[in-house]
2 protein chains.
Amino acid sequence: MSYQIELRHFTYFMAVAEELHFRKAADRLFISQPGLSRQIKQMEEIIGVVLFVRNKRKVTLTAAGVYLKKELDYIFNHIDFTIRQTRLIDQGSNGEIRIGFLGSAMQTVIPELLVMVNKELPNIQFSLEEMSNHLQVEAVEKDQLDLGFVRLARVPEGIQKKTVHTDSFSLVVPLEHRLTSKTFKSIAQVSEEHFILFSSDYSSLYYDKIMSICEDKGFTPKVTHKSVHAQTIFKLVESGLGVAIVPTSLQQGFDLGVKFLEIPKIPQKAILSVIWKKDNRNPALQQILKFL
Amino acid sequence: MSYQIELRHFTYFMAVAEELHFRKAADRLFISQPGLSRQIKQMEEIIGVVLFVRNKRKVTLTAAGVYLKKELDYIFNHIDFTIRQTRLIDQGSNGEIRIGFLGSAMQTVIPELLVMVNKELPNIQFSLEEMSNHLQVEAVEKDQLDLGFVRLARVPEGIQKKTVHTDSFSLVVPLEHRLTSKTFKSIAQVSEEHFILFSSDYSSLYYDKIMSICEDKGFTPKVTHKSVHAQTIFKLVESGLGVAIVPTSLQQGFDLGVKFLEIPKIPQKAILSVIWKKDNRNPALQQILKFL
DNA sequence: TTAATTAATAACTATGAGTTATCAAATAGA
DNA sequence: TCTATTTGATAACTCATAGTTATTAATTAA
């Protein structure tokens, strides 16, 4: 079988094409002139095209050689860039991070993280998907997500967890509701009203905490509606179908006809955690974790 | 001094990246497995990045490896094209133009273009391949095609588009069908018949237009067969399995037992466009674009 | 003519790609 | 649990070939 073309041939060709002089090109490449001559000749044989005209005492490029030089310039540049980029991806300063999140994380934590990372590592791309606690854990385990923003007390073996935000709870009532931030003293004041909550499939920890807040005050809430979307819950409250208890940070980002009344003197907090897989192989993740 | 990266390394890397199996990749390359292992290891040392995770029984690409594979695919394609082009230039030709097209473009537009270009630039070579809208866009983006003849409303960023032919639609019926060019007044006259159409994967714009032609006349066509080949569609119509609606220009070039009845007074037109990549590096393309 | 410059040719050397043989680890099957 | 099988890595070798030195042939300049 005949020879294969190699980058070496291209490098040598470029040197001769630029110098238009075999000995000078050979000097520049730190090889001997006969060695260079033979490699160029071999290259011409491989691609089957004469690239240089050796006119007695002068070397010039043929038309095909001129074209090849221009393209190889581009190709070498592209190869260099690709290798640099590959190194960057390996070092995590480039690449993609796949994030899952609960809607309530979109109000404060995630935007802050994105802005911060973007400033330091502008070449990292993000893909974001809102999904439930449970689906996030599953996706992280399957390496389909790099990071998850969840509200969970416990996570399975092999998953790392870190608290990133602690939030108080607020009561959400219609604008025209009798209670105001001044008159609101305890959640017991709405013990007789209907409650609209996030569905427990979406976040069972949230659901359990709401229940315990009420139990602490001696009543069991009458839950009439459940939803997975904050927007929906607010709309239902606005329509007078009941009241809700949600993390206070959800106050930002929505423009609806509801009042937020922070619940005073309760020990329960809405804790947002970030989770990731211990042996995740995405090099970009290691970089991101530094920001958390 | 340390080693230099060579195309050999890239070729080997691609084989392993595709097989994800060192011995199989080695077989494909007709070299021994230890030789391959060593070259891959050397490549990883040269660029300073681990490209494969060897899990003792499974081989997978790292994130950096995935990126490198995608880029090398592009680079190899570009090198191949460059060498072919260099040979053509050497032979006195002005280069090669790779064209993709929908079958219906072969009736009028492309032959005219070829004749015209051939008169002015007799040394340009053409390679022609029939393929779907979608595959053409993909190939143009990957620099595997210089020109595509498509029926598309929109094309991605970085792709240029220009209308080259506007055609009316015709109803295709068997020769012995009751309708003639004189009695045919509206598509509603065949609202009860079965329709044979180009498959929507082949050209969704075409499919949607046919649907809207029928909807405008107040009925939904009963589509019983779909095909990607005009020839097949005509054969099915000839066999009495239904009627079809196709661009009128398809009347030329086939000798079949069907009648074409141009659909009168409808706003829908079959628009054929030519697409090309904005930063295509083929110098011959610039020449061709002048003819469009 | 002579001297200088250039690329090609010839014969050699030595580097390293690719070889065979083998090992170690990880399954899969009994 | 024990064996057989599959897999990639290691080690030691060999041989093809990139690159070497020495020389020639051809051209140009003085």
Side-chain angles (χ1 to χ4, degrees), chain A residues 1-62 64-65 68-69 72 76 158 279 281, chain B residues 1-62 64-66 68-69 72 76:
Chain A
M1 201 173 109
S2 84
Y3 294 94
Q4 277 293 125
I5 202 91
E6 285 295 350
L7 287 181
R8 178 186 62 251
H9 294 112
F10 293 157
T11 309
Y12 292 0
F13 167 80
M14 291 302 278
V16 179
E18 276 163 26
E19 300 284 349
L20 291 176
H21 196 289
F22 277 75
R23 194 187 45 72
K24 285 182 193 163
D27 286 353
R28 193 171 108 180
L29 294 164
F30 301 107
I31 62 169
S32 66
Q33 172 264 312
L36 176 59
S37 285
R38 256 202 29 193
Q39 287 297 303
I40 295 290
K41 197 181 166 190
Q42 194 185 67
M43 174 174 176
E44 290 180 325
E45 277 163 11
I46 293 170
I47 69 175
V49 172
V50 176
L51 299 169
F52 295 103
V53 184
R54 291 84 156 168
N55 247 344
K56 311 179 176 200
R57 218 168 165 82
K58 246 191 295 181
V59 175
T60 50
L61 280 162
T62 61
L68 185 60
K69 182 189 174 210
L72 284 182
F76 270 120
D279 50 18
R281 292 227 157 251
Chain B
M1 201 174 99
S2 83
Y3 294 95
Q4 276 294 126
I5 200 92
E6 286 294 351
L7 288 182
R8 179 185 59 253
H9 294 112
F10 293 158
T11 308
Y12 292 0
F13 167 79
M14 290 304 276
V16 178
E18 276 163 26
E19 301 283 347
L20 292 177
H21 196 290
F22 277 75
R23 194 186 47 72
K24 284 181 192 163
D27 285 354
R28 191 169 111 180
L29 294 164
F30 300 107
I31 61 169
S32 65
Q33 173 264 311
L36 177 59
S37 285
R38 260 204 23 198
Q39 287 297 302
I40 294 291
K41 197 180 167 193
Q42 193 185 68
M43 175 173 175
E44 290 180 324
E45 276 163 11
I46 293 169
I47 70 177
V49 172
V50 176
L51 300 169
F52 294 102
V53 185
R54 288 87 155 169
N55 254 342
K56 218 40 189 165
R57 208 161 173 91
K58 243 193 292 179
V59 175
T60 50
L61 281 163
T62 62
V66 169
L68 185 60
K69 183 187 174 212
L72 285 181
F76 271 121

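By convention in this document, chain letters (A, B, ...) are assigned in the order of the sequence lines, proteins followed by strands, and residues within each chain are numbered from 1. The structure presented is a predicted model; accordingly, all values stated were derived computationally and were not measured.
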Chemist: For A:I5 and D:dA18, what is the distance between atoms CD1 and C1' respectively, to the nearest whole Å?
Modeler: 15 Å
Chemist: Check whether any side-chain heavy atom of A:Q33 lies under 4.5 Å from a side-chain heavy atom of A:S37, and answer yes or no.
Modeler: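 A side-chain contact under 4.5 Å exists here.
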Chemist: Take atom CZ of A:R54 and atom C1' of D:dA25, then tell me their distance rounded to the nearest Å.
Modeler: 16 Å
Chemist: Grab the two heavy atoms, one from B:F10 and one from B:I5, that are nearest each other, plus how far apart they are.
Modeler: CE2-CG1, 3.7 Å
Chemist: Ignoring hydrogens and geometry, is there a side-chain-to-backbone donor-acceptor pair from A:Q39 to A:H9 under 3.5 Å?
Modeler: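 Pair absent, no side-chain N/O of A:Q39 close to backbone of A:H9.
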Chemist: What are the residues of residues 30-43 of chain A, sorted by number, that bring a heavy atom to within less than 4.0 Å of DNA chain D?
Modeler: A:F30, A:I31, A:S32, A:P34, A:G35, A:R38, A:Q39, A:Q42
Chemist: For DNA chain C, which residues of residues 10-23 of chain A approach it to below 4.0 angstrom with any heavy atom?
Modeler: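 Per residue number, the list reads A:H21, A:F22, A:R23.
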Chemist: Between D:dA18 atom C1' and B:R8 atom CZ, what is the distance in whole Å?
Modeler: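 It works out to 11 Å between those atoms.
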Chemist: Could you state the CD1-P distance from B:I46 to C:dA17, rounded to the nearest angstrom?
Modeler: 8 Å
Chemist: Could you check whether any side-chain heavy atom of B:V59 comes within less than 4.5 Å of a side-chain heavy atom of B:K24, counting everything from C-beta outward?
Modeler: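 B:V59 does not reach B:K24 side chain to side chain.
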Chemist: Which donor-acceptor pairs under 3.5 Å do side chains of residues 12-19 of chain A form with protein atoms, sequence neighbours excluded?
Modeler:
unit_1: A:E18; atom_1: OE1; unit_2: A:R28; atom_2: NH1; d: 3.4
unit_1: A:E18; atom_1: OE1; unit_2: A:R28; atom_2: NH2; d: 2.8
unit_1: A:E19; atom_1: OE2; unit_2: A:R28; atom_2: NH1; d: 3.0

Chemist: Please state how far atom CG in A:L29 lies from atom P in D:dG19, giving the value in whole angstrom units.
Modeler: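 Rounded to the whole Å, the gap is 9 Å.
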Chemist: Rounded to whole angstroms, how far apart are CD on B:E6 and P on D:dT17?
Modeler: 14 Å
Chemist: Quick one: list whatever passes side-chain contact (heavy atoms from CB on, under 4.5 Å) with A:V49, sequence neighbours left out.
Modeler: A:I47, A:L51, A:A64, B:T86, B:R87, B:D90
Chemist: With no hydrogens and no angle check, is any side-chain donor or acceptor of B:E44 less than 3.5 Å from a backbone partner on B:F52?
Modeler: yes
Chemist: Expressed in angstrom and rounded to an integer, what is the separation of B:H9 atom NE2 from C:dA17 atom P?
Modeler: 6 Å
Chemist: Test of understanding: with side-chain contact (heavy atoms from CB on, under 4.5 Å), list the residues that count as partners of B:T11, not counting sequence neighbours.
Modeler: B:L29, B:F76
Chemist: Taking CZ from A:R28 and P from D:dG19, how many angstroms apart are they, rounded to a whole number?
Modeler: 16 Å
Chemist: Going by the rule side-chain contact (heavy atoms from CB on, under 4.5 Å), which residues pair with A:T60 if we only count those two or more places apart in sequence or in a different chain?
Modeler: A:V53
